[in-house]
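This report concerns only the one structure given below.
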Amino acid sequence: MAFFSRLNLQEGLQTLSVLQWIPVYIFLGAIPILLIPYFLLFSKFWSLAVLSLAWLAYDWNTHSQGGRRSAWVRNWTLWNYFRNYFPVKLVKTHDLSPKHNYIIANHPHGVLSFGVFINFATEATGIARIFPSITPFVGTLEGVFWIPIVREYVMSMGVCPVSRSALKYLLTQKGSGNAVVIVVGGAAEALLCQPGASTLFLKQRKGFVKLALKTGAYLVPSYSFGENEVFNQETFPEGTWLRLLQKTFQDTFKKLLGLNFCTFHGRGLTHGSWGFLPFNRPITTVVGEPLPIPRIKRPNQKTVDKYHALYISALRKLFDQHKVEYGLPETQELTII
């Protein structure tokens with residue numbers, strides 16, 4: 001009986017650790033959340049709003065210049081429960097020398113990119129031990145950093161804007177041994193994620209390659225096996241009113257927020273129930289071999305295309321080498337659109 005009590009407690013703590021993060025991730029980019037501090041200006045809490053917004057204005061450049069990471073926050077026990085919920089694992093195939101900077105491109109996006117978050121924004125899987133002397137930064141939407149308090153929370157984990165200026169600063173102004181992690185497919189790729197799928201939105205995503213060439217950062221492919229398995233995504237049949245409603249929401253979100261609207265679901269608070277918690281399925285992020293990139297101040301399109309093709313080749317190799325070990329059939333192919 002004591003064993004089952006401890007087991008239930010562990011499962012409960014794991015569930016709570018994920019629950020605290022999902023609202024942060026999903027709603028950070030939503031306009032109503034962004035406006036909360038401004039609405040408070042017209043309430044009895046106006047002084048709190050003024051202080052928050054004054055600090056935001058004073059500290060405005062910090063999030064674009066490396067932020068304020070905290071080893072204490074990154075090592076919270078909370079993240080160990082989060083890791084064990086799935087569980088999440090980080091696998092190294094090659095060393096990353098601290099003499100260089102890196103762009104670690106990750107695929108697939110999935111719905112909420114749990115693999116990238118727990119592996120690179122926390123120490124739950126031991127990234128400091130696996131890649132010693134490498135400092136990871138996880139890129140996300142700029143809008144996250146417009147929200148007082150939440151901004152401090154994500155900066156403490158080494159999360160930064162995925163803007164060109166912020167990434168360039170990290171790769172050129174903070175010495176060597178830095179690795180910016182970018183989920184290249186973005187929200188557009190989130191619409192492609194389905195259990196069993198391995199389709200990437202990458203063919204026209206070349207900005208990360210151009211940034212690597214301009215900064216001389218090495219490109220590192222990485223793939224999170226299992227990321228697409230933790231949620232089911234619904235795409236309703238064409239011609240139905242549900243599909244019309246779905247497309248309306250998607251178009252509206254895209255125009256207003258620059259986001260894509262995913263119709264997804266997972267499990268509920270109890271196993272077998274319906275809800276928005278992810279399914280307890282393993283996610284393994286495999287980090288591949290770094291691809292050396294020359295530093296070119298103004299790379300032409302032919303050069304960008306060349307290194308983009310080399311990157312895709314390296315990514316396909318990484319996928320094929322590890323797909324069977326992490327749950328995909330030998331016949332599964334990586335589809336790039």
Side-chain angles (χ1 to χ4, degrees), residues 20-76 101-106 112-113 116-117 120-123 134-184 186-187 207-208 210-212 214-215 217 253-260:
Q20 64 84 31
W21 180 250
I22 290 178
V24 173
Y25 190 101
I26 293 178
F27 298 117
L28 280 183
I31 285 178
I33 300 298
L34 291 176
L35 293 181
I36 284 175
Y38 308 96
F39 289 146
L40 290 177
L41 286 170
F42 305 100
S43 72
K44 62 182 179 180
F45 302 108
W46 65 269
S47 58
L48 180 61
V50 168
L51 286 172
S52 297
L53 295 174
W55 171 250
L56 186 63
Y58 173 79
D59 197 50
W60 185 252
N61 291 326
T62 300
H63 62 265
S64 296
Q65 296 178 353
R68 272 187 296 274
R69 67 195 299 119
S70 165
W72 176 66
V73 174
R74 288 175 59 89
N75 281 281
W76 278 354
N101 287 325
Y102 303 91
I103 296 176
I104 301 177
N106 183 261
L112 298 182
S113 300
V116 162
F117 171 69
F120 298 105
T122 80
E123 291 296 332
I134 298 297
T135 304
F137 296 88
V138 177
T140 192
L141 294 172
E142 176 83 34
V144 171
F145 302 93
W146 301 346
I147 313 170
I149 301 176
V150 171
R151 172 179 182 266
E152 304 297 327
Y153 184 35
V154 297
M155 277 200 299
S156 69
M157 292 180 275
V159 177
C160 68
V162 74
S163 65
R164 185 182 293 106
S165 60
L167 298 179
K168 187 175 181 180
Y169 181 91
L170 292 170
L171 295 170
T172 61
Q173 302 297 316
K174 288 182 68 68
S176 60
N178 301 299
V180 297
V181 184
I182 306 173
V183 187
V184 177
F208 73 106
K210 192 172 185 179
L211 178 64
K214 285 185 173 182
T215 62
F253 265 65
K254 186 68 176 177
K255 288 177 182 177
L256 292 179
L257 307 176
L259 301 173
N260 283 297

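Along the sequence shown, residues carry numbers from 1. Nothing here was measured: the structure is a model prediction, and the numbers come from that model.
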Which pair of non-hydrogen atoms, one from Val138 and one from Ala121, has the smallest distance, and what is that distance?
CG2-N, 3.9 Å

Could you check if a side-chain atom of Thr140 sits within less than 4.5 angstrom of a side-chain atom of Val154, using non-hydrogen atoms only?
no

Mind checking salt bridge (charged side-chain N to carboxylate O under 4.0 Å, His left out) for Arg151 and listing every partner two or more places apart, or none if nothing turns up?
Asp59

Partner set under side-chain hydrogen bond (donor to acceptor under 3.5 Å, both in side chains) for Glu152, not counting sequence neighbours
Trp55, Arg68

Between Ile134 and Ala179 the two heavy atoms that sit nearest each other are CG2-CB, 3.8 Å

Smallest separation among heavy atoms of Arg74 and Pro136, with atom names
NH2-CG, 3.7 Å

Heavy atoms of Tyr153 and Trp76 approach each other most closely as CE1-CZ3, 3.8 Å

Using modelled atom types only, decide if a donor and an acceptor are shared between the side chain of Asn101 and the backbone of Asn178 within a distance under 3.5 Å.
yes

Would you mind reporting whether Arg69 and Thr135 have side-chain heavy atoms less than 4.5 Å apart?
yes

Looking at residues at least two apart in the chain, or sitting in another chain, which of them share a side-chain contact (heavy atoms from CB on, under 4.5 Å) with Tyr169?
Gln65, Gln173, Lys174

Residues which pass ring pair (Phe, Tyr, Trp, His ring centres under 6.0 Å) with Phe137, listed by chain and number, not counting sequence neighbours:
none

Work out which heavy atom in Ile104 is nearest to a heavy atom in Phe120; give both atom names and the distance.
CD1-CE2, 4.2 Å

Ignoring hydrogens and angles, tell me if any N or O in the side chain of Ser113 forms a donor-acceptor pair with the backbone of Val116 under 3.5 Å.
no

Pair up each side-chain donor or acceptor in residues 161-168 with any protein partner under 3.5 Å, not counting sequence neighbours, and list the distances.
from   : atom 1 : to     : atom 2 : distance (Å)
Ser163 : OG     : Ala166 : N      : 3.3

I want to check something: taking the side chain as every heavy atom from C-beta on, are Val184 and Asn106 in contact at a cut-off of under 4.5 Å?
no

Report the C-alpha distance between Phe145 and Val159 in whole Å, list the side-chain angles of each, state the deciding distance to 0.1 Å, and finish with yes or no for side-chain contact (heavy atoms from CB on, under 4.5 Å).
CA-CA 10 Å; Phe145 302 93; Val159 177; 4.1 Å; yes

All ring pair (Phe, Tyr, Trp, His ring centres under 6.0 Å) counterparts of Phe208, not counting sequence neighbours:
Tyr311

Apply side-chain contact (heavy atoms from CB on, under 4.5 Å) to the pair Leu211 and Leu171, showing each step before the final yes or no.
CA-CA 9 Å; Leu211 178 64; Leu171 295 170; 4.1 Å; yes

Test your reading of the model: is there a side-chain donor-acceptor pair from Ser64 to the backbone of Asn61, 3.5 Å cut-off?
no

